[in-house]
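Let me begin by presenting the structure, written as C-alpha coordinates, before commenting on it.
Everything numeric here is computed off the predicted structure, so don't read it as measured data.
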Amino acid sequence: MQNIVLIGFMGTGKSTVGKRLAQSLAWDFVDTDYEIGEVTSLSVSEIFRRHGETRFRSEESIVVARLSQQERLVIATGGGTVLNPLNWNALAQNGTVIALHASLEAILARIGNKNDRPLLKGPREAIEKLWSERQECYSQADFIVDTSQKSVDEVVKEILIQLERMTKNEFSEVAKD
Ligand code: S3P
(Lines give C-alpha, C1' and ligand atoms only; values in the text may rest on other atoms or scores of the structure.)
Protein backbone atom coordinates (compact mmCIF):
# COMPACT_ATOMS: atom_id res chain seq x y z
CA MET A 1 0.00 0.00 0.00
CA GLN A 2 1.30 3.42 -0.94
CA ASN A 3 1.30 6.63 1.09
CA ILE A 4 -1.42 9.24 1.43
CA VAL A 5 -0.08 12.72 0.79
CA LEU A 6 -1.92 15.85 1.92
CA ILE A 7 -1.11 19.01 0.01
CA GLY A 8 -2.63 22.49 0.06
CA PHE A 9 -2.14 26.03 1.23
CA MET A 10 -1.10 26.92 4.78
CA GLY A 11 -4.03 26.67 7.17
CA THR A 12 -6.10 24.22 5.13
CA GLY A 13 -5.79 21.61 7.90
CA LYS A 14 -3.18 19.23 6.50
CA SER A 15 -1.54 18.37 9.83
CA THR A 16 -4.71 18.18 11.91
CA VAL A 17 -6.59 16.15 9.32
CA GLY A 18 -3.51 14.03 8.59
CA LYS A 19 -3.12 12.98 12.22
CA ARG A 20 -6.79 12.00 12.50
CA LEU A 21 -6.73 10.19 9.16
CA ALA A 22 -3.63 8.23 10.18
CA GLN A 23 -5.37 7.25 13.43
CA SER A 24 -8.41 5.98 11.52
CA LEU A 25 -6.25 3.88 9.24
CA ALA A 26 -3.78 2.82 11.95
CA TRP A 27 -0.99 4.18 9.76
CA ASP A 28 1.94 6.37 10.80
CA PHE A 29 1.62 10.14 10.44
CA VAL A 30 4.50 12.37 9.38
CA ASP A 31 4.69 16.10 8.82
CA THR A 32 7.43 17.39 6.52
CA ASP A 33 7.89 20.63 8.52
CA TYR A 34 8.30 18.58 11.70
CA GLU A 35 10.82 16.29 10.01
CA ILE A 36 12.82 19.29 8.77
CA GLY A 37 12.84 20.59 12.35
CA GLU A 38 14.16 17.26 13.61
CA VAL A 39 16.95 17.13 11.03
CA THR A 40 18.09 20.74 11.43
CA SER A 41 17.17 21.26 15.10
CA LEU A 42 15.61 24.55 13.99
CA SER A 43 12.02 25.69 13.65
CA VAL A 44 10.73 26.60 10.19
CA SER A 45 10.83 30.29 11.13
CA GLU A 46 14.42 29.99 12.34
CA ILE A 47 15.59 28.31 9.15
CA PHE A 48 13.98 31.06 7.07
CA ARG A 49 15.46 33.76 9.29
CA ARG A 50 18.97 32.37 9.64
CA HIS A 51 19.50 30.60 6.33
CA GLY A 52 16.76 31.77 3.97
CA GLU A 53 14.02 30.02 2.00
CA THR A 54 16.45 28.31 -0.40
CA ARG A 55 17.99 26.32 2.45
CA PHE A 56 14.51 25.44 3.76
CA ARG A 57 13.46 24.16 0.31
CA SER A 58 16.58 22.08 0.04
CA GLU A 59 15.99 20.45 3.45
CA GLU A 60 12.37 19.92 2.43
CA SER A 61 13.35 18.06 -0.74
CA ILE A 62 15.68 15.75 1.20
CA VAL A 63 12.87 14.93 3.63
CA VAL A 64 10.41 14.34 0.76
CA ALA A 65 12.83 11.99 -1.02
CA ARG A 66 13.22 9.94 2.16
CA LEU A 67 9.52 9.77 3.06
CA SER A 68 8.54 8.89 -0.50
CA GLN A 69 10.48 5.64 -0.20
CA GLN A 70 8.29 4.49 2.66
CA GLU A 71 4.82 2.95 2.73
CA ARG A 72 1.58 3.39 4.64
CA LEU A 73 2.40 6.87 5.77
CA VAL A 74 -0.01 9.76 5.93
CA ILE A 75 2.25 12.65 4.93
CA ALA A 76 1.27 16.26 5.65
CA THR A 77 3.39 18.46 3.38
CA GLY A 78 4.14 22.15 3.75
CA GLY A 79 2.13 24.51 1.57
CA GLY A 80 5.03 25.03 -0.83
CA THR A 81 6.38 21.46 -0.97
CA VAL A 82 4.69 20.30 -4.16
CA LEU A 83 5.48 23.47 -6.10
CA ASN A 84 8.79 21.80 -6.82
CA PRO A 85 7.99 19.25 -9.56
CA LEU A 86 10.69 16.90 -8.25
CA ASN A 87 8.92 16.78 -4.89
CA TRP A 88 5.56 16.33 -6.58
CA ASN A 89 6.83 13.42 -8.68
CA ALA A 90 8.51 11.68 -5.76
CA LEU A 91 5.37 11.93 -3.61
CA ALA A 92 2.92 11.07 -6.39
CA GLN A 93 4.91 8.08 -7.62
CA ASN A 94 4.39 6.38 -4.30
CA GLY A 95 1.20 7.89 -3.00
CA THR A 96 -2.30 9.19 -3.47
CA VAL A 97 -2.17 12.99 -3.49
CA ILE A 98 -5.10 14.73 -1.80
CA ALA A 99 -5.44 18.51 -1.87
CA LEU A 100 -7.11 20.24 1.06
CA HIS A 101 -8.68 23.46 -0.10
CA ALA A 102 -9.95 26.38 1.97
CA SER A 103 -11.13 29.87 1.14
CA LEU A 104 -8.74 32.68 1.96
CA GLU A 105 -11.22 33.95 4.57
CA ALA A 106 -11.30 30.57 6.34
CA ILE A 107 -7.50 30.37 6.25
CA LEU A 108 -7.00 33.84 7.69
CA ALA A 109 -9.57 33.16 10.41
CA ARG A 110 -7.85 29.90 11.38
CA ILE A 111 -4.39 31.33 11.39
CA GLY A 112 -5.37 34.45 13.33
CA ASN A 113 -2.26 36.19 14.62
CA LYS A 114 -0.13 33.07 14.94
CA ASN A 115 3.33 34.11 13.95
CA ASP A 116 5.02 30.87 12.98
CA ARG A 117 4.62 31.02 9.19
CA PRO A 118 7.21 33.28 7.54
CA LEU A 119 5.27 33.48 4.27
CA LEU A 120 2.11 34.73 5.98
CA LYS A 121 3.73 37.74 7.55
CA GLY A 122 3.03 40.12 4.68
CA PRO A 123 -0.11 42.15 3.96
CA ARG A 124 -3.35 40.43 3.01
CA GLU A 125 -2.81 41.26 -0.69
CA ALA A 126 0.49 39.37 -0.72
CA ILE A 127 -1.08 36.32 0.95
CA GLU A 128 -4.00 36.44 -1.47
CA LYS A 129 -1.60 36.55 -4.43
CA LEU A 130 0.32 33.53 -3.15
CA TRP A 131 -2.95 31.66 -2.47
CA SER A 132 -4.23 32.41 -6.01
CA GLU A 133 -0.96 31.52 -7.73
CA ARG A 134 -0.84 28.13 -6.03
CA GLN A 135 -4.39 26.94 -6.75
CA GLU A 136 -3.48 25.63 -10.19
CA CYS A 137 -0.75 23.43 -8.74
CA TYR A 138 -2.93 22.04 -5.94
CA SER A 139 -5.73 21.30 -8.41
CA GLN A 140 -3.56 18.58 -10.01
CA ALA A 141 -4.15 16.32 -6.99
CA ASP A 142 -5.96 12.99 -7.30
CA PHE A 143 -8.87 14.66 -5.53
CA ILE A 144 -9.67 17.81 -3.60
CA VAL A 145 -11.57 18.25 -0.34
CA ASP A 146 -12.84 21.69 0.66
CA THR A 147 -12.25 22.08 4.38
CA SER A 148 -13.58 25.65 4.71
CA GLN A 149 -16.84 24.78 6.45
CA LYS A 150 -16.14 21.28 7.71
CA SER A 151 -15.03 19.72 10.98
CA VAL A 152 -11.91 17.57 11.04
CA ASP A 153 -14.04 14.43 11.32
CA GLU A 154 -16.14 15.43 8.32
CA VAL A 155 -13.01 16.00 6.22
CA VAL A 156 -11.53 12.65 7.27
CA LYS A 157 -14.79 10.88 6.45
CA GLU A 158 -14.91 12.48 3.01
CA ILE A 159 -11.32 11.45 2.33
CA LEU A 160 -12.02 7.87 3.34
CA ILE A 161 -15.08 7.71 1.08
CA GLN A 162 -13.12 9.08 -1.87
CA LEU A 163 -10.23 6.69 -1.22
CA GLU A 164 -12.65 3.80 -1.07
CA ARG A 165 -14.03 4.78 -4.48
CA MET A 166 -10.56 5.12 -5.96
CA THR A 167 -9.09 1.96 -4.58
CA LYS A 168 -11.97 -0.45 -5.04
CA ASN A 169 -13.00 -0.85 -1.44
CA GLU A 170 -9.56 -1.15 0.12
CA PHE A 171 -10.61 1.44 2.70
CA SER A 172 -14.27 0.42 2.99
CA GLU A 173 -14.20 -0.93 6.55
CA VAL A 174 -12.67 2.28 7.88
CA ALA A 175 -14.94 4.57 5.84
CA LYS A 176 -18.02 2.94 7.42
CA ASP A 177 -16.94 3.84 10.98
C1 S3P B 1 5.06 27.05 3.53
C2 S3P B 1 4.18 26.40 4.35
C3 S3P B 1 4.52 25.97 5.71
C4 S3P B 1 6.03 25.74 5.84
C5 S3P B 1 6.77 26.97 5.39
C6 S3P B 1 6.47 27.33 3.94
C7 S3P B 1 4.62 27.48 2.19
O8 S3P B 1 3.83 24.76 6.03
O9 S3P B 1 6.42 24.62 5.10
O10 S3P B 1 6.42 28.01 6.24
O11 S3P B 1 5.46 27.75 1.33
O12 S3P B 1 3.39 27.49 1.95
P13 S3P B 1 2.23 24.69 6.35
O14 S3P B 1 1.51 24.63 5.05
O15 S3P B 1 2.11 23.42 7.12
O16 S3P B 1 1.91 25.88 7.15
Side-chain angles (χ1 to χ4, degrees), residues 1-23 25 27-102 104 106-108 110-112 114-122 126-145 147 152 155 159:
M1 188 60 221
Q2 297 186 319
N3 298 319
I4 294 172
V5 182
L6 300 179
I7 68 167
F9 202 73
M10 295 166 270
T12 50
K14 300 177 298 275
S15 302
T16 317
V17 167
K19 272 182 210 148
R20 195 76 62 85
L21 179 63
Q23 266 171 12
L25 296 168
W27 286 18
D28 285 333
F29 170 75
V30 283
D31 182 302
T32 56
D33 285 343
Y34 177 83
E35 295 294 318
I36 295 165
E38 288 289 287
V39 172
T40 60
S41 303
L42 293 170
S43 70
V44 170
S45 294
E46 280 168 339
I47 302 175
F48 268 73
R49 198 174 57 245
R50 291 201 207 169
H51 303 292
E53 183 171 352
T54 307
R55 168 74 186 278
F56 175 78
R57 295 302 172 198
S58 130
E59 298 291 349
E60 187 174 50
S61 290
I62 294 168
V63 163
V64 163
R66 173 165 56 83
L67 298 179
S68 301
Q69 310 276 324
Q70 298 177 41
E71 288 186 340
R72 286 178 180 262
L73 293 180
V74 175
I75 304 174
T77 60
T81 310
V82 290
L83 298 176
N84 178 340
L86 294 176
N87 292 345
W88 181 290
N89 290 341
L91 291 163
Q93 255 168 27
N94 192 32
T96 302
V97 179
I98 304 168
L100 298 189
H101 173 83
L104 193 64
I107 288 169
L108 294 175
R110 279 176 198 165
I111 284 166
K114 274 193 227 154
N115 215 13
D116 54 356
R117 288 179 169 102
L119 297 181
L120 291 185
K121 290 214 166 102
I127 300 170
E128 185 161 10
K129 184 164 176 283
L130 197 62
W131 179 89
S132 301
E133 283 168 358
R134 289 181 172 185
Q135 297 309 310
E136 163 67 22
C137 173
Y138 300 144
S139 73
Q140 311 295 314
D142 292 307
F143 62 87
I144 302 170
V145 179
T147 68
V152 176
V155 174
I159 290 175

Side-chain contact, heavy-atom cut-off 4.5 Å: [X] with [Y]?
X	Y	answer
Met10	Ile107	no
Phe9	Leu119	no
Ile159	Leu100	yes
Cys137	Trp88	yes
Tyr138	Val82	yes
Asn84	Val64	no

What's the separation between atom [atom1] in [X] and atom [atom2] in [Y], rounded to the nearest 0.5 Å?
X	Y	atom1	atom2	value
Glu46	His51	CD	NE2	9.0 Å
Trp27	Leu21	CH2	CG	8.0 Å
Lys19	Leu6	NZ	CG	12.0 Å
Gln23	Phe29	CD	CZ	10.5 Å
Ile36	Ile62	CD1	CD1	9.5 Å
Asn94	Gln70	CG	CD	9.5 Å

[X], [atom1] atom: more than 12 neighbouring heavy atoms under 6.0 Å:
X	atom1	value
Phe48	CZ	yes
Lys121	NZ	yes
Asp28	CG	no

Worksheet item: Is Thr32 reaching over with its side chain to a backbone N or O of Gly78, donor-acceptor style, under 3.5 angstrom?
Response: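 Yes, because the side chain of Thr32 sits within donor-acceptor range (under 3.5 Å) of the backbone of Gly78.
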
Closest contact, heavy atoms only, [X] versus [Y]:
X	Y	value
Leu83	Arg134	CD1-NE, 3.3 Å
Thr40	Glu59	CG2-CD, 3.6 Å
Asn3	Arg72	OD1-N, 3.1 Å
Ile98	Val145	CG2-CG2, 4.4 Å
Ile7	Ala141	CD1-CB, 4.1 Å
Trp131	His101	CZ2-CE1, 3.7 Å

Item to complete: Determine, step by step, whether Val44 and Arg117 satisfy the side chain to side chain contact (heavy atoms under 4.5 Å, CB included) criterion, reporting the C-alpha distance in whole Å, the side-chain angles of both residues, the deciding distance to 0.1 Å, and the verdict.
Response: CA-CA 8 Å; Val44 170; Arg117 288 179 169 102; over 6 Å; no

Item to complete: Evaluate the criterion side chain to side chain contact (heavy atoms under 4.5 Å, CB included) for residue pair Val63 and Val30; output intermediate values, then yes/no.
Response: CA-CA 10 Å; Val63 163; Val30 283; over 6 Å; no

Discussion item. Please evaluate residues Arg55 and Leu42 with respect to the criterion side chain to side chain contact (heavy atoms under 4.5 Å, CB included), reporting the C-alpha separation (whole Å), side-chain torsions for both, the decisive distance (0.1 Å), and the verdict.
Written reply: CA-CA 12 Å; Arg55 168 74 186 278; Leu42 293 170; 5.7 Å; no

Discussion item. I'd like to know if the side chain of Thr147 pairs up with that of Arg110 as donor and acceptor (distance under 3.5 Å, no hydrogens or angles considered).
Written reply: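 Yes, Arg110 and Thr147 have a side-chain donor paired with an acceptor closer than 3.5 Å.
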
Item to complete: Please determine, by modelled atom types, if Ser61 and Asn87 share a side-chain donor-acceptor pair under 3.5 angstrom.
Response: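 The criterion, which ignores hydrogens and geometry beyond distance, is satisfied for Asn87 and Ser61.
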
Discussion item. As a quick check of understanding, evaluate side chain to side chain contact (heavy atoms under 4.5 Å, CB included) for Ile127 and Leu108, giving each step before the final call.
Written reply: CA-CA 9 Å; Ile127 300 170; Leu108 294 175; 4.3 Å; yes

